[in-house]
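Quick notes on the structure that follows.
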Amino acid sequence: MKRVVFTILTLFLVAFCNAQENEYVEDFSHKINAKLGIDTKTFSYKVNNSSSNEKYDLKPNESVRLAASVHYRFIGVTIGFSPNFLNDNEDEKLKGESDINSIQLRIFIKRFIQEFEYSKIQGFYVDNTADFDANWIKGTDPFIQLKSLNVKRFGGKTSFVLNENFSFKALLMQNQKQTKSTGSFVPSISYFYSELNNPNNEFISLDETNFDLNIAGGYIHNFVFGTSKNFFASLGLSPGFGLKFAKNIQADELGIQKQNKETYTNFVFEGRLNLGYNSDKIFTGMQFNVNGVTYNKNQETKVEDSNTYFQLYFGYRFGAPKLLERFFNKIHKK
């Protein structure tokens, strides 16, 4: 069975503010920004069973994705899909098939950044299958597959850029250019509801819901260099902490299901690296992000949730047709 083609729709909106532009920032929102990227996102869920002392490293079978984006003024659209020529069908025989879907919305209001996200992943494999089957041969035998296991996640993140000369849009949307090196402290608060469910109880029993409320504070610095200040590099690290409100259903030795509710302390982190070239017309580069959440249930059990994102992209800017420009000017006046 072929991998289900998924579409990622990303809407970027800028509201209630004028374009950010000064000696540190050059704005290109008045031009059409067209971008083609190739990216991959890796998810990992580590679950430890304190009673049996067994550890499960659960991962979906990710694919390489092509993403085409168009941005103009305060709106943008990104459509992504996973073509067969970039992905190995033989890999599905070993790891199974995963269905990964997500939708993301970003809103920029002055120096505030509001993000909303929904994602659903179904179909996982046990990466540490060798721990449960001594005769298993990597690359030859299929991993233990959990076809019904699914993870749903919905929530948002609110961030604030303290330094008005720092351009976050240059990193997230590439519709601006940082013209002088500078950085900013960026505090944020995130709130996510998630469900981890294995309805058919394949290999392991999982039925858990979580609500995470986290506060983080980190620093991001944009370095620009070159005679025309067209080359850039960006580094950022944001640690934080918060609370996890968890509810899970477990069966005792007699098979009787019981509902447990607990509150735990979260430790979160986010790291980012951006490298690239950004001129008036052409922009290209790479970005790498890593996010992780870990918490201690008790002395014997530790749960980790992490994901990494990597993208290579190439883009071109050009003037908007007069008809489109007049239309958006009317909206702006209103």
Side-chain angles (χ1 to χ4, degrees), residues 1-10 36-49 52-68 78-104 117-153 194-208 286-293 302-313:
M1 181 179 178
K2 295 183 179 180
R3 182 179 304 278
V4 177
V5 177
F6 66 89
T7 300
I8 299 182
L9 174 64
T10 308
L36 180 64
I38 180 171
D39 60 42
T40 182
K41 192 169 187 178
T42 304
F43 299 85
S44 177
Y45 294 88
K46 297 181 185 294
V47 180
N48 295 2
N49 189 317
S52 63
N53 201 30
E54 291 179 328
K55 301 178 181 180
Y56 308 94
D57 189 359
L58 309 178
K59 295 181 179 180
N61 189 2
E62 286 96 6
S63 60
V64 178
R65 185 182 69 116
L66 283 178
T78 299
I79 299 177
F81 60 97
S82 301
N84 289 332
F85 70 86
L86 286 178
N87 297 286
D88 185 6
N89 289 330
E90 191 68 24
D91 191 53
E92 291 185 3
K93 297 179 181 179
L94 300 177
K95 299 179 179 179
E97 184 178 349
S98 298
D99 188 12
I100 305 174
N101 297 278
S102 66
I103 298 176
Q104 187 181 60
E117 181 182 342
Y118 170 80
S119 64
K120 180 182 178 181
I121 308 171
Q122 179 165 338
F124 287 75
Y125 67 94
V126 182
D127 193 42
N128 59 327
T129 294
D131 294 342
F132 305 96
D133 186 353
N135 298 318
W136 180 78
I137 301 174
K138 187 175 183 179
T140 301
D141 298 329
F143 290 85
I144 296 173
Q145 298 173 15
L146 312 178
K147 298 180 181 179
S148 66
L149 176 61
N150 64 85
V151 177
K152 298 177 184 178
R153 189 169 183 261
S194 60
E195 297 178 355
L196 181 66
N197 187 27
N198 190 22
N200 296 335
N201 290 327
E202 301 167 293
F203 190 63
I204 58 175
S205 176
L206 286 173
D207 188 356
E208 183 167 317
M286 60 80 67
Q287 65 180 79
F288 175 76
N289 291 71
V290 57
N291 295 271
V293 179
K302 186 177 183 181
V303 177
E304 296 179 356
D305 170 7
S306 63
N307 66 77
T308 59
Y309 174 78
F310 178 77
Q311 182 190 59
L312 294 172
Y313 62 87

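Keep in mind that this is a model prediction, so the values were computed, not measured.
The CG atom of N289 sits 9.5 Å away from atom CD of Q311, with the distance rounded to the nearest 0.5 Å. Distance check: K41 NZ to S119 OG gives 7.0 Å after rounding to the nearest 0.5 Å. Here the CG-CG distance, from L149 to N197, works out to 8.0 Å after rounding to the nearest 0.5 Å. Between the CG atom of L146 and the CG atom of L58 there is a distance of 6.0 Å, given to the nearest 0.5 Å. How far OH of Y309 is from OG1 of T40: 9.5 Å, rounded to the nearest 0.5 Å.
In this structure, Y45 has its ring center at least 6.0 angstrom away from the ring center of Y56.
Checked by atom type and distance alone, the side chain of D39 never pairs as donor or acceptor with a backbone atom of L312 at under 3.5 Å. Not a single donor-acceptor pair under 3.5 Å links the side chain of D127 to the backbone N or O of D57. Remark: side-chain polar atoms of N61 are not paired, donor with acceptor, to backbone N or O of G123 under 3.5 angstrom. At least one donor-acceptor pair closer than 3.5 Å links the side chain of T129 to the backbone N or O of I144. Between the N150 side chain and the S148 main chain, a donor and an acceptor come within less than 3.5 Å of each other. At least one donor-acceptor pair under 3.5 Å links the side chain of D141 to the backbone N or O of I137.
Looking at heavy atoms from C-beta onward, R153 lies in side-chain contact with E117 at the 4.5 angstrom threshold. With a 4.5 Å cut-off on side-chain heavy atoms, N198 and D207 do not count as touching. Residues V126 and D131 fail the side-chain proximity criterion, which asks for heavy atoms closer than 4.5 Å. The shortest distance between side-chain heavy atoms of F124 and K95 does not fall below 4.5 Å. Looking at V64 and I38, their side chains come closer than 4.5 Å, going by heavy atoms from C-beta outward.
The two residues W136 and P142 have their closest heavy-atom pair at NE1-O, 2.9 Å. The heavy-atom pair separating F43 from N307 by the smallest distance is CD2-CB, 3.9 Å. A pairwise comparison of heavy atoms in E92 and Q145 identifies O-NE2, 4.3 Å as the closest pair. Residue Q287 comes nearest to Y313 through the heavy atom pair OE1-CE2, 4.5 Å, listed as atom of the first residue, atom of the second, then distance.
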